[in-house]
Amino acid sequence: MQDQTTPGTLLTAMRANPPLVQCITNYVAMNIAANVMLAAGASPAMVHAEEEAGEFAAISGALTINIGTLSTGWMAGMVSAAQSATKAGKPWVLDPVAHYATSFRRKAVAQLLELNPAVIRGNASEIIALAGGTSRGQGVDSRDPVELAEESAALLARKYRSVIAVTGPTDFVTDGNRAVRIYGGSPLMTQVTALGCALTCLVGAFAATRPEDPFDASVAALTAFAVAGERAAREAAGPGSFSWRFLDALAALDETVIDREARIIPA
């Protein structure tokens, strides 16, 4: 992290000037992603139609693209939005959900990668496969440990000049030069639908706040999730109560809390 830049200071800055973030995400994730963004202090917009996605990306602070429920029409909107964001100098985040599963997804991700994402966020299996390795992923589920994806993440960061965020029980973030591991969260997070997709949107919100350094932005977003998840799990009886407690914990975070409870270790 740069001098005077912490997850807490970025959270404060984001809430002081809530960014408008265009979230092209999947049907399953829309509600939880919007609620996560609002709890954190950002303004989400679920705009994906080809007819307006590009125009909207130009006026947004950042763009996030998640290919979870991919279709031809949505793909056209994604490409238009990514092209527009890149042209306007706005950071955008790619979530390559199960990109290895079908030829349609592989072609879609290959096309999107050519449009210069500032951040690529995925689970370990997605990142390993994206780098050309053999993963054990099945559908959207990761079956590889984050540690096995760290080398793949570094290779991708250098190849695409993007920040790579690998999320799991311990998160790993690298830009090819800097790298950290982030500890925290809860196993219950994997039992709540689309929390990972929502995290991608939150990375976009922090990237809009600090567009000049998507590494710091990604670390801040993942740290917020880790701290909120750990706090929510303390009193949760299961995934149902964890879900609403997580939103409450995220909303209750402030600069002091997040910086005091953050566990960020250089890798």
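Position 1 is the first residue of the sequence; numbering continues from there. Just so it is clear, the values below take in all heavy atoms, side chains as well, and ignore hydrogens, waters and symmetry mates.
When all heavy atoms are compared, the tightest approach of A220 to L10 is CB-CD1, 3.8 Å. Closest heavy-atom contact between A108 and L70: CB-CD2, 3.6 Å. Closest approach of G238 to L188, counting heavy atoms only: C-CD2, 4.0 Å. Heavy atoms only, all atoms of each residue included: F242 and G229 are closest at CE1-O, 3.4 Å. Nearest heavy atoms, P239 versus V192: O-CG2, 3.7 Å. Closest approach of L202 to A224, counting heavy atoms only: CD2-CB, 4.5 Å.
A search for side-chain hydrogen bond (donor to acceptor under 3.5 Å, both in side chains) contacts involving S71 returns nothing, not counting sequence neighbours. For E261, the side-chain hydrogen bond (donor to acceptor under 3.5 Å, both in side chains) criterion is met by R231, not counting sequence neighbours. Under the rule for a ring-ring contact (aromatic ring centres under 6.0 Å, His included), the partners of F225 that lie at least two apart in sequence or sit in another chain are F246. Not counting sequence neighbours, the partners of E230 by the salt bridge (charged side-chain N to carboxylate O under 4.0 Å, His left out) test are R263. When the side-chain hydrogen bond (donor to acceptor under 3.5 Å, both in side chains) test is applied to T200, the partners found at least two apart in sequence or on another chain are D95, R121. With sequence neighbours excluded, the residues forming a side-chain contact (heavy atoms from CB on, under 4.5 Å) with P117 are W92, L94, L113, I120, S162, listed by chain and number. Under the side-chain hydrogen bond (donor to acceptor under 3.5 Å, both in side chains) criterion, N31 pairs with N35, not counting sequence neighbours. Every residue two or more places apart in sequence or in another chain was checked for a ring-ring contact (aromatic ring centres under 6.0 Å, His included) with H99, and none qualifies.
Taking 4.5 Å as the limit, some side-chain heavy atom of N26 sits within range of a side-chain heavy atom of C197. In this structure, the side chains of M75 and Q111 come closer than 4.5 Å at one or more pairs of heavy atoms. Side chains of V36 and L250 form a contact here, defined as non-hydrogen atoms less than 4.5 Å apart. Contact of the Y100 side chain with the S125 side chain is registered, since non-hydrogen atoms from C-beta on lie closer than 4.5 Å.
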Side-chain donor-acceptor distances from residues 168-176 under 3.5 Å, at least two apart:
{"residue": "D171", "atom": "OD1", "partner": "G168", "partner atom": "N", "Å": "3.0"}
{"residue": "T174", "atom": "OG1", "partner": "G176", "partner atom": "N", "Å": "3.0"}
{"residue": "T174", "atom": "OG1", "partner": "R178", "partner atom": "O", "Å": "2.8"}
{"residue": "D175", "atom": "OD1", "partner": "N177", "partner atom": "N", "Å": "2.9"}
{"residue": "D175", "atom": "OD1", "partner": "R178", "partner atom": "N", "Å": "2.6"}
{"residue": "D175", "atom": "OD2", "partner": "R178", "partner atom": "NE", "Å": "3.0"}
{"residue": "D175", "atom": "OD2", "partner": "R178", "partner atom": "NH2", "Å": "3.0"}

Which atom pairs, donor and acceptor, lie under 3.5 Å between side-chain atoms of residues 41-65 and protein residues at least two apart or in another chain?
{"residue": "H48", "atom": "NE2", "partner": "W74", "partner atom": "NE1", "Å": "3.3"}
{"residue": "S60", "atom": "OG", "partner": "F56", "partner atom": "O", "Å": "3.0"}

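Counting non-hydrogen atoms of other residues, nucleotides and ligands closer than 6.0 Å to CD of E235 gives a total of 12 or fewer.
Among residue pairs with one or both ends in residues 146-164, those qualifying as salt bridge (Lys or Arg N to Asp or Glu O under 4.0 Å) are E150-R181; sequence neighbours excluded.
Side-chain heavy atoms closer than 4.5 Å link hydrophobic residues (I, L, V, M, F, W, Y) into clusters, and following such links, possibly through other members, connects V180 to V203. Hydrophobic clustering of Ile, Leu, Val, Met, Phe, Trp and Tyr side chains at less than 4.5 Å, counting indirect connections, unites L247 with V257.
Interatomic distance, I32 CD1 to M37 CE, rounded to the nearest 0.5 Å: 12.5 Å. Considering OG of S84 and CG of L115, their distance stands at 11.5 Å, rounded to 0.5 Å. The structure places CD of Q83 at 9.5 Å from CG of L112, a figure rounded to the nearest 0.5 Å. Taking CG of L222 as the start and OG1 of T167 as the end, the distance is 6.5 Å to the nearest 0.5 Å. Between the CD1 atom in I128 and the CG atom in L155 there is a gap of 11.5 Å [rounded to 0.5 Å]. Here L253 contributes atom CG and D248 contributes atom CG; the two are 11.0 Å apart, rounded to the nearest 0.5 Å.
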Y160/N116 under side chain to side chain contact (heavy atoms under 4.5 Å, CB included): CA gap, chis, key distance, verdict: CA-CA 7 Å; Y160 293 108; N116 305 310; over 6 Å; no

I127 and I164: CA distance, side-chain angles, deciding distance, side chain to side chain contact (heavy atoms under 4.5 Å, CB included) verdict: CA-CA 8 Å; I127 296 303; I164 310 299; 3.9 Å; yes

Worked check of side chain to side chain contact (heavy atoms under 4.5 Å, CB included) between I24 and N66: CA-CA 6 Å; I24 304 181; N66 172 303; over 6 Å; no

Check against side chain to side chain contact (heavy atoms under 4.5 Å, CB included), L11 and D254: CA-CA 7 Å; L11 178 67; D254 60 24; 5.6 Å; no

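Between the E126 side chain and the A98 main chain, a donor and an acceptor come within less than 3.5 Å of each other. Checked by atom type and distance alone, the side chain of T223 pairs as donor or acceptor with a backbone atom of V219 at under 3.5 Å. Put simply, the side chain of T209 gets close to the backbone of A205: a donor and an acceptor are under 3.5 Å apart. No donor-acceptor distance shorter than 3.5 angstrom exists from the side chain of R210 to the backbone of A217, with no hydrogens or angles considered. In this structure, the side chain of S243 does not engage the main chain of G240 through any donor-acceptor pair within 3.5 Å. For T9 (side chain) and T6 (main-chain N/O), a donor-acceptor pair under 3.5 Å exists by modelled atom type.
Y183 belongs to a hydrophobic cluster with I265, counting contacts under 4.5 Å between side-chain heavy atoms of Ile, Leu, Val, Met, Phe, Trp and Tyr, direct or through other members.
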